[in-house]
Amino acid sequence: FISFHFVLFFYKDDYSVDTKVSQLNVLAEQSREVIISDLEITEENTEPNLTENNDISAKKKEEIITKTQEVVDEAESFSNNFIKTSIEWLNTQNPSHWLIQLSSFDSFNKALTFSEKFKNIEYKIVEYSHPKKNIPYYAVILGSFVSLDTAKDFTKGKLDNVDPFYRTVKSLKIYIK
């Protein structure tokens, strides 16, 4: 009987070891699940090489900045050349001739956008200083006409929704830089 008890004790002890091992296996399995689930949602798994992506985006940013600057430079060059050509033209006109000023704007781009309505009429855009505010304005002008009546006759039927301002070449040149 003692040996039987010994066997039972041994069996019971073995059972408890098995139970503990099973519990450890369950814990280890749960830990693996936690580790695996953590790995599935980490940035390393979703974006394998973050520094490479930062380098690429930095390069792309630099390209965008460079292209944007090129567009800005090209636009400035266009506006500067357009204004320079217009001023050169204005300087060759008789000071007593009349111009038709269609409008003036606080930026070259606004003046250019406005003037696109008059593609069939030759226009100029000149930069001048506002006499009272001392800030630049961009006048869209047509002209040069020998008299005020000639300038008014020219505008009949050609300008819709525009109230032109008639001025002499001399009166505009006073405010040109």
Side-chain angles (χ1 to χ4, degrees), residues 38-177:
D38 284 348
L39 284 175
E40 288 173 356
I41 59 170
T42 61
E43 290 182 17
E44 286 101 23
N45 285 339
T46 55
E47 293 184 30
N49 192 343
L50 293 175
T51 56
E52 184 178 304
N53 287 341
N54 285 339
D55 290 344
I56 291 170
S57 65
K59 287 178 187 175
K60 285 184 180 179
K61 286 178 188 176
E62 185 62 35
E63 286 177 20
I64 290 169
I65 290 169
T66 302
K67 287 179 182 177
T68 303
Q69 187 60 47
E70 287 172 3
V71 169
V72 168
D73 292 346
E74 189 175 320
E76 285 178 2
S77 175
F78 172 77
S79 66
N80 290 340
N81 287 337
F82 197 101
I83 290 170
K84 182 181 175 194
T85 304
S86 296
I87 300 265
E88 288 171 355
W89 171 85
L90 188 64
N91 285 333
T92 63
Q93 303 307 307
N94 185 325
S96 63
H97 282 191
W98 286 82
L99 302 170
I100 303 165
Q101 183 172 329
L102 299 177
S103 192
S104 63
F105 301 90
D106 61 356
S107 79
F108 177 82
N109 288 338
K110 288 178 185 176
L112 188 61
T113 301
F114 170 81
S115 64
E116 288 176 357
K117 295 187 249 181
F118 307 101
K119 287 186 180 201
N120 57 340
I121 303 172
E122 186 178 348
Y123 62 88
K124 307 287 183 198
I125 299 175
V126 293
E127 181 181 354
Y128 68 99
S129 258
H130 190 282
K132 294 179 183 171
K133 299 178 184 176
N134 200 26
I135 55 175
Y137 275 87
Y138 299 85
V140 179
I141 58 173
L142 308 175
S144 169
F145 302 93
V146 290
S147 70
L148 178 58
D149 290 337
T150 309
K152 287 182 178 182
D153 285 343
F154 178 81
T155 59
K156 287 182 184 172
K158 291 184 180 173
L159 305 176
D160 295 330
N161 302 323
V162 175
D163 188 21
F165 173 63
Y166 301 96
R167 65 188 310 168
T168 63
V169 170
K170 181 181 179 181
S171 70
L172 182 58
K173 284 176 71 173
I174 290 171
Y175 301 109
I176 303 263
K177 294 178 182 181

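No experiment lies behind these values; they were computed from the predicted model shown.
- Asn91 has its side chain out of reach of Ile176: every pair of non-hydrogen atoms, C-beta onward, lies at least 4.5 Å apart.
- Put simply, the side chain of Trp89 reaches to within 4.5 Å of the side chain of Ile141, judged on heavy atoms.
- Using a 4.5 Å heavy-atom threshold, the side chains of Tyr166 and Ile100 count as touching.
- Leu102 places a side-chain heavy atom less than 4.5 Å from the side chain of Leu142.
- Residues Lys152 and Lys156 form no side-chain contact, since every pair of their non-hydrogen atoms from C-beta on lies 4.5 Å or further apart.
- A 4.5 Å side-chain heavy-atom check between Val140 and Gln101 finds every atom pair outside the cut-off.
- Counted within 6.0 Å of CG on Asn81, heavy atoms from surrounding residues, nucleotides or ligands total more than 12; the atom is thus considered enclosed.
- Looking at Tyr138 and Ser79, their side chains never bring a donor and an acceptor atom within 3.5 Å of each other.
- The aromatic rings of Phe154 and Phe145 lie tilted to each other, with the angle between the two planes from 30° to 60°.
- Side-chain contact annotation: Asn109 with Ser107, donor-acceptor N/O pair under 3.5 Å absent.
- At a threshold of 4.5 Å between non-hydrogen side-chain atoms, the residues Phe105 and Thr113 do not count as touching.
- With hydrogens and angles disregarded, a donor-acceptor distance shorter than 3.5 Å links the side chain of Ser86 to the backbone of Ile125.
- For Glu122, the CD atom sits in a loose shell: 12 or fewer heavy atoms of surrounding residues, nucleotides or ligands are nearer than 6.0 Å.
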